[in-house]
Amino acid sequence: MQHRKSFYQFVSIHTFLIGLFPFYLPVFLWKLGYTISDISYFIALAGFGYCLALWFWERIHKVMALKKVILISFLLEILLLTTIFFNGRILFFPALAILYGIYNCFFWITNRVLFLETVTPSDSGKHFGNFQIVVAVILKVGVFCGGLLLDKTSYFPVFILSILVGLLGSVLFIANKDLAGLFQSMQQVKSIGLTGLFTFRDAFRSRFIFAIDGLFLFLESFFWVISLFIIVKESYWQLGMLVILLMIIFGAMFYFIKNSIDRMPGEWMYRISVFFYALSWIFRGLIGDELKLPVVFVLLILITFFTSIFRLTFNKRFFDLAKTTTAHQYIFLKSYYSQFFIAILFGLLGLVLSRIGNPEAALSYTYFAAAAIALGYFLYRSYDTSQSHPNHGASQ
């Protein structure tokens, strides 16, 4: 489709940049001496920053070309990386957290808007699978480079390489003429006010799903990365190699599944993936020093595979509903609800975890609780199963 090339260019460059350092941010904070409780507060502040940025994103895209919005995303990446040099200052922690949330917003919202323009309900699973494979491969290249540089040198070479890649990406999009049509269509998208947020309700139970999904996204990208870091004895390089190895092992199986998911019974596939996703959190909670290395490795493979399959089926359902309801507004609503509840839930989680002295125990308890909460994804209805309901639109 018209905007697919631009989508993959945008995703590829930012994914490589994320692999270089933002992927390592949770373990970087861990190495600086921040506790699991502190990192929960960091995530809560990031959720607040995301909500704030989304309010601006909704409005500036109406008066600013999408090309400029993309350039802002690269600028935010550079600001985020520069903030690391202020480590030890009083405002370092909250400033980094809020800026991380703002950067996440400009990357993920722009990413989802571009992706929505490239798919239809008949091929969304296949294309999201392609997207996951591209992201996985490029992320691992970035993770490899970032882990090697962080372990063998210091943060400064990572910073310089990231700046160069960000500048090259900016130049590439300055010359891009493919985004004009998308900018015109995006001007028609109505901004969501407070009334729309508070009154939002649909037959798909989207509001509840949006509320819990943010929790899991950060448990995966922050808490689980810290767990893996502990497993490899706190080595950036070994963490990067472990993540790459897991990707290679499950990649072949995933390739065949993503090509057939659009032809599989949607409800059946979704429910199976939710069950295995909940099981993956039990496996996470079971991993500890008492397990033998081969057992740990098998569990890591299963966790990676179950999580990836769930994300594939969940995002297919999400983008199919977006396409058949209110499109971009559905994306914005998800982000508002997810990030608002991220701020609330991780703030509360930080208070709870502050009372647990052992970090490994704190992570395990969190994972076991997450396994129970993950069953809530069973409540997410598809468009087909909700057509009998009179109110199946995305907002009212």
Side-chain angles (χ1 to χ4, degrees), residues 18-21 23-36 39 132-133 135-153 216-257 273 275-312 353 356-372 374:
I18 289 170
L20 281 177
F21 184 74
F23 169 84
Y24 290 104
L25 184 57
V27 296
F28 185 82
L29 293 172
W30 178 260
K31 292 274 278 187
L32 289 177
Y34 291 102
T35 66
I36 296 295
I39 292 171
Q132 278 193 305
I133 291 174
V135 166
V137 172
I138 296 176
L139 179 66
K140 277 29 174 193
V141 174
V143 165
F144 175 84
C145 296
L148 181 63
L149 290 173
L150 287 169
D151 235 18
K152 307 302 180 184
T153 58
F216 285 97
L217 290 173
F218 271 101
L219 288 180
E220 291 175 25
S221 62
F222 268 65
F223 280 32
W224 181 233
V225 170
I226 291 173
S227 290
L228 293 176
F229 195 55
I230 293 172
I231 290 173
V232 298
K233 309 304 180 185
E234 301 194 0
S235 166
Y236 290 112
W237 166 245
Q238 291 184 36
L239 172 61
M241 292 306 296
L242 175 61
V243 171
I244 291 169
L245 181 60
L246 291 172
M247 176 62 216
I248 293 172
I249 291 174
F250 97 94
M253 294 183 291
F254 183 74
Y255 176 80
F256 291 107
I257 292 175
S273 72
F275 171 78
F276 283 123
Y277 186 58
L279 187 61
S280 77
W281 289 104
I282 295 177
F283 288 166
R284 286 174 169 96
L286 293 174
I287 290 178
D289 294 335
E290 68 279 3
L291 294 180
K292 294 182 178 180
L293 188 59
V295 176
V296 171
F297 192 63
V298 170
L299 288 177
L300 291 178
I301 293 173
L302 292 174
I303 289 166
T304 304
F305 185 69
F306 290 166
T307 301
S308 298
I309 294 301
F310 167 73
R311 283 293 156 198
L312 175 61
L353 295 181
I356 303 175
N358 186 317
E360 287 87 351
L363 289 168
S364 291
Y365 296 154
T366 302
Y367 297 154
F368 288 135

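Positions are given from 1, in the same order as the sequence printed here. Quick note: numbers below take in every heavy atom, side chains included, and nothing from hydrogens, waters or symmetry partners. Please read these numbers as outputs of a predicted model, since none were measured by experiment.
- With sequence neighbours excluded, the residues satisfying ring pair (Phe, Tyr, Trp, His ring centres under 6.0 Å) with F222 are F42, Y100, F218.
- We find the CG-CD1 distance between L363 and I287 to be 11.5 Å, quoted to the nearest 0.5 Å.
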- prompt: Passes side-chain contact (heavy atoms from CB on, under 4.5 Å), F368 versus L286? Steps please.
  reply: CA-CA 9 Å; F368 288 135; L286 293 174; 4.0 Å; yes
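- With a 4.5 Å cut-off on side-chain heavy atoms, P359 and T35 do not count as touching.
- With sequence neighbours excluded, the residues satisfying ring pair (Phe, Tyr, Trp, His ring centres under 6.0 Å) with F310 are Y277, F314, Y377.
- Looking at heavy atoms from C-beta onward, I36 lies out of side-chain contact with I356 at the 4.5 angstrom threshold.
- Considering every non-hydrogen atom in both G285 and S364, the closest pair reads O-OG, 3.3 Å.
- More than 12 heavy atoms of other residues, nucleotides or ligands sit less than 6.0 Å from atom CZ of F297.
- Here the straight-line distance linking atom CZ of R284 with atom CG of L300 works out to 9.5 Å at 0.5 Å rounding.
- Between the side chains of R311 and T307, no donor-acceptor pair is found at a separation under 3.5 Å.
- S280 places no side-chain N or O within donor-acceptor distance of the main-chain N or O of I303, the cut-off being under 3.5 Å.
- With sequence neighbours excluded, the residues that form a ring pair (Phe, Tyr, Trp, His ring centres under 6.0 Å) with Y34 are F93.
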message: I'd like to know whether F276 forms a side-chain contact (heavy atoms from CB on, under 4.5 Å) with I309, so could you lay out the CA-CA distance, the side-chain angles of the two residues, the decisive distance to 0.1 Å, and finally the verdict.
response: CA-CA 9 Å; F276 283 123; I309 294 301; over 6 Å; no
message: The test is ring-ring contact (aromatic ring centres under 6.0 Å, His included); show your working for F21 and F28 and say whether it passes.
response: CA-CA 9 Å; F21 184 74; F28 185 82; 5.2 Å; yes
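- With sequence neighbours left out, F23 forms a ring pair (Phe, Tyr, Trp, His ring centres under 6.0 Å) with no residue at all.
- The heavy-atom pair separating S235 from D151 by the smallest distance is OG-OD2, 2.9 Å.
- Residue S221 comes nearest to P26 through the heavy atom pair O-CG, 3.6 Å, listed as atom of the first residue, atom of the second, then distance.
- Sorted pairs that involve residues 236-245 and meet side chain to side chain donor-acceptor pair (under 3.5 Å), not counting sequence neighbours, are lacking altogether.
- Two residues are said to be in side-chain contact when any heavy atoms from C-beta on lie closer than 4.5 Å; Y24 and V143 meet this criterion.
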Could you go through residues 224-233 and list every donor-acceptor pair under 3.5 Å that involves a side-chain atom there, pairing it with any protein atom two or more places apart or in another chain?
unit_1, atom_1, unit_2, atom_2, d
S227, OG, F223, O, 3.4
S227, OG, Y367, OH, 2.6

